[in-house]
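What follows is a set of notes on a single structure, which appears directly below.
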2 protein chains.
Amino acid sequence: MEELDALLHQPLRTQLVAYLAAAGELTFSDLKRQLEVSDGNLDAHLKKLLAADYVAVRKESGKGRPQSFFVLTPTGLAALQTYVQRLQKLLSLEKPADDGVAASLQAGLAH
Amino acid sequence: MEELDALLHQPLRTQLVAYLAAAGELTFSDLKRQLEVSDGNLDAHLKKLLAADYVAVRKESGKGRPQSFFVLTPTGLAALQTYVQRLQKLLSLEKPADDGVAASLQAGLAH
DNA sequence: TTTATAACTCTGCGTTTCAGAGTGTCAACC
DNA sequence: GGTTGACACTCTGAAACGCAGAGTTATAAA
């Protein structure tokens with residue numbers, strides 16, 4: 001069984017990583033606003049992604065308020081690519097043929 | 001923010017529901033074999049899906065060993081459809097254009 | 001200098017996830 | 001026809017997770 005990366009397959013983290021992949025670099029506050037989560041919660045999820053080397057931080061201080069900029073690492077990007085591929089395969093998103101879930105979904109809509 | 005259904009966005013349950021959508025009806029043992037999980041774990045996840053009315057059971061006993069057949073309910077199917085749509089939107093699976101995650105993923109692959 | 005606000009970080013509690021032990025049912029063998 | 005074994009679940013408790021809010025530091029405004 002091809003498993004889905006548990007680190008990525010979690011509501012908040014999937015969105016977080018998707019935003020990072022799309023935006024390139026975001027601050028703690030950017031993410032907080034986008035995801036609409038509490039500080040503590042966001043911090044906890046970022047820590048996990050940092051620990052796994054899926055994202056990296058660049059901290060700026062001195063001029064203006066201290067800020068942390070978060071980016072996807074090559075490791076994180078690779079993990080996301082694998083994750084998306086497995087999702088596509090599992091949910092048959094790439095081909096709505098007769099044998100996939102997509103077909104069943106369409107059949108369901110037909111009711 | 002459009003949230004991802006926490007009930008569906010969990011490694012085991014996403015796969016479980018995807019299999020049900022594809023197969024139509026599966027027994028406890030079918031699922032156990034497919035997902036490679038312990039009995040207790042599978043039972044717990046099925047209970048959640050039952051409680052949410054995402055799946056339904058049909059129990060057979062008398063002839064042969066007692067068996068439970070699990071199916072997606074209309075509610076579960078609808079939830080899965082919504083879930084897949086949001087995933088597609090979030091990960092831009094439907095259009096690998098310049099502005100989505102898919103574009104970043106391709107850029108990442110180009111290294 | 002006090003007040004306010006942004007940017008984090010830490011703590012602790014409720015929930016979730018999980019494996020393994022337990023229960024019940026049937027089939028096969030002796 | 002009793003015993004053994006295997007399948008089909010179900011229950012229990014512990015570990016990990018997810019979360020909100022309190023706490024901390026740093027800057028800006030009044």
Side-chain angles (χ1 to χ4, degrees), chain A residues 1 3-20 23 25-71 79 83, chain B residues 1-20 23 25-71 76 79 83:
Chain A
M1 184 183 70
E3 295 180 12
L4 295 171
D5 188 331
L7 206 53
L8 294 180
H9 200 65
Q10 195 278 338
L12 224 59
R13 288 193 297 266
T14 303
Q15 302 209 45
L16 199 165
V17 169
Y19 290 152
L20 279 185
E25 196 179 57
L26 293 170
T27 66
F28 188 91
S29 301
D30 290 338
L31 290 168
K32 191 180 153 191
R33 267 185 292 275
Q34 286 278 339
L35 300 169
E36 296 172 26
V37 278
S38 64
D39 297 10
N41 198 6
L42 178 55
D43 180 60
H45 286 296
L46 282 170
K47 268 193 181 133
K48 287 202 171 180
L49 293 170
L50 286 168
D53 191 36
Y54 279 14
V55 312
V57 217
R58 182 172 56 83
K59 301 209 177 193
E60 274 187 12
S61 59
K63 50 197 67 179
R65 292 205 181 78
Q67 268 191 312
S68 301
F69 296 85
F70 297 91
V71 225
Y83 169 68
Chain B
M1 183 182 68
E2 285 197 333
E3 295 181 11
L4 295 171
D5 189 332
L7 205 55
L8 295 179
H9 200 65
Q10 196 278 338
L12 225 58
R13 288 194 296 265
T14 302
Q15 301 208 47
L16 199 164
V17 169
Y19 289 151
L20 278 185
E25 198 180 56
L26 292 170
T27 67
F28 188 92
S29 301
D30 290 337
L31 289 168
K32 191 180 153 192
R33 268 186 291 276
Q34 286 276 341
L35 300 170
E36 297 171 26
V37 278
S38 64
D39 297 10
N41 199 7
L42 178 55
D43 180 60
H45 286 296
L46 283 170
K47 269 194 180 132
K48 288 202 171 181
L49 293 170
L50 286 168
D53 190 37
Y54 278 15
V55 314
V57 218
R58 181 172 56 84
K59 300 210 178 194
E60 273 187 13
S61 58
K63 49 196 68 175
R65 293 206 182 77
Q67 268 191 314
S68 300
F69 296 85
F70 297 91
V71 227
Y83 170 68

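Chain identifiers are assigned alphabetically (A, B, ...) following the order of the sequence lines, protein sequences preceding nucleic acid strands; residue numbering begins at 1 within each chain.
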>> Each nucleotide in nucleotides 18-23 of chain D should get exactly one letter: B, S or -. Can you fill that in based on protein heavy atoms under 4.0 Å?
In response: SBBB--

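The two residues B/His9 and A/Leu8 come nearest to each other via the heavy atoms NE2-O, 4.2 Å. The shortest heavy-atom contact between B/Asp39 and B/Phe28 is O-CZ, 3.7 Å. Scanning both residues, B/Leu50 and B/Ala56, for their nearest heavy atoms gives CD2-CA, 3.9 Å.
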> Under the side-chain contact (heavy atoms from CB on, under 4.5 Å) criterion, do A/Leu16 and A/Tyr54 qualify, and how do the steps go?
Replying inline: CA-CA 11 Å; A/Leu16 199 165; A/Tyr54 279 14; over 6 Å; no

>> Under the criterion side-chain contact (heavy atoms from CB on, under 4.5 Å), I'd like the reasoning laid out for B/Lys48 against B/Leu7: C-alpha separation, chi angles, the key distance, then a yes or no.
In response: CA-CA 8 Å; B/Lys48 288 202 171 181; B/Leu7 205 55; 4.2 Å; yes

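D/dA28 atom P lies 11 Å from atom CD of A/Gln67, rounded to whole Å. Atom C1' of nucleotide D/dC7 and atom CD of B/Glu60 are separated by 16 Å, given to the nearest angstrom. Protein atom CZ of B/Arg58 is 15 Å distant from nucleotide atom P of D/dA8, rounded to whole Å. Distance, B/Leu42 CG to D/dT12 C1': 17 Å, rounded to whole Å. Atoms CG (B/Asp43) and C1' (C/dT23) sit 13 Å apart, rounded to a whole Å. One interatomic measurement links the two molecules: CG of B/Leu46 to P of C/dT16, which rounds to 16 Å at whole-angstrom precision. What separates CG of B/Leu49 from P of C/dT17 is a distance of 10 Å, to the nearest Å. Here the P atom of nucleotide D/dT10 and the CZ atom of B/Phe28 are 7 Å apart, to the nearest Å.
Among D/dT10, C/dC8, C/dA7, the nucleotide with an atom closest to any side-chain atom of B/Lys59 is D/dT10.
Residue-level contact check: B/Thr27 touches neither bases nor backbone, having no heavy atom under 4.0 Å from any strand. At a threshold of 4.0 angstrom between heavy atoms, the contacts of A/Lys47 are confined to the sugar-phosphate backbone, with no base atom among them.
Applying the 4.0 Å criterion to OP1 and OP2 of C/dC8, one finds that A/Ser68 has a side-chain N or O inside that range.
A/Lys32 contributes atom NZ, which lies 12.5 Å from atom CG of A/Leu46 (distance to the nearest 0.5 angstrom).
Test B/Leu26, B/Leu31, B/Thr27, B/Leu49 against B/Phe70 for side-chain contact (heavy atoms from CB on, under 4.5 Å) and you get one pass: B/Leu31.
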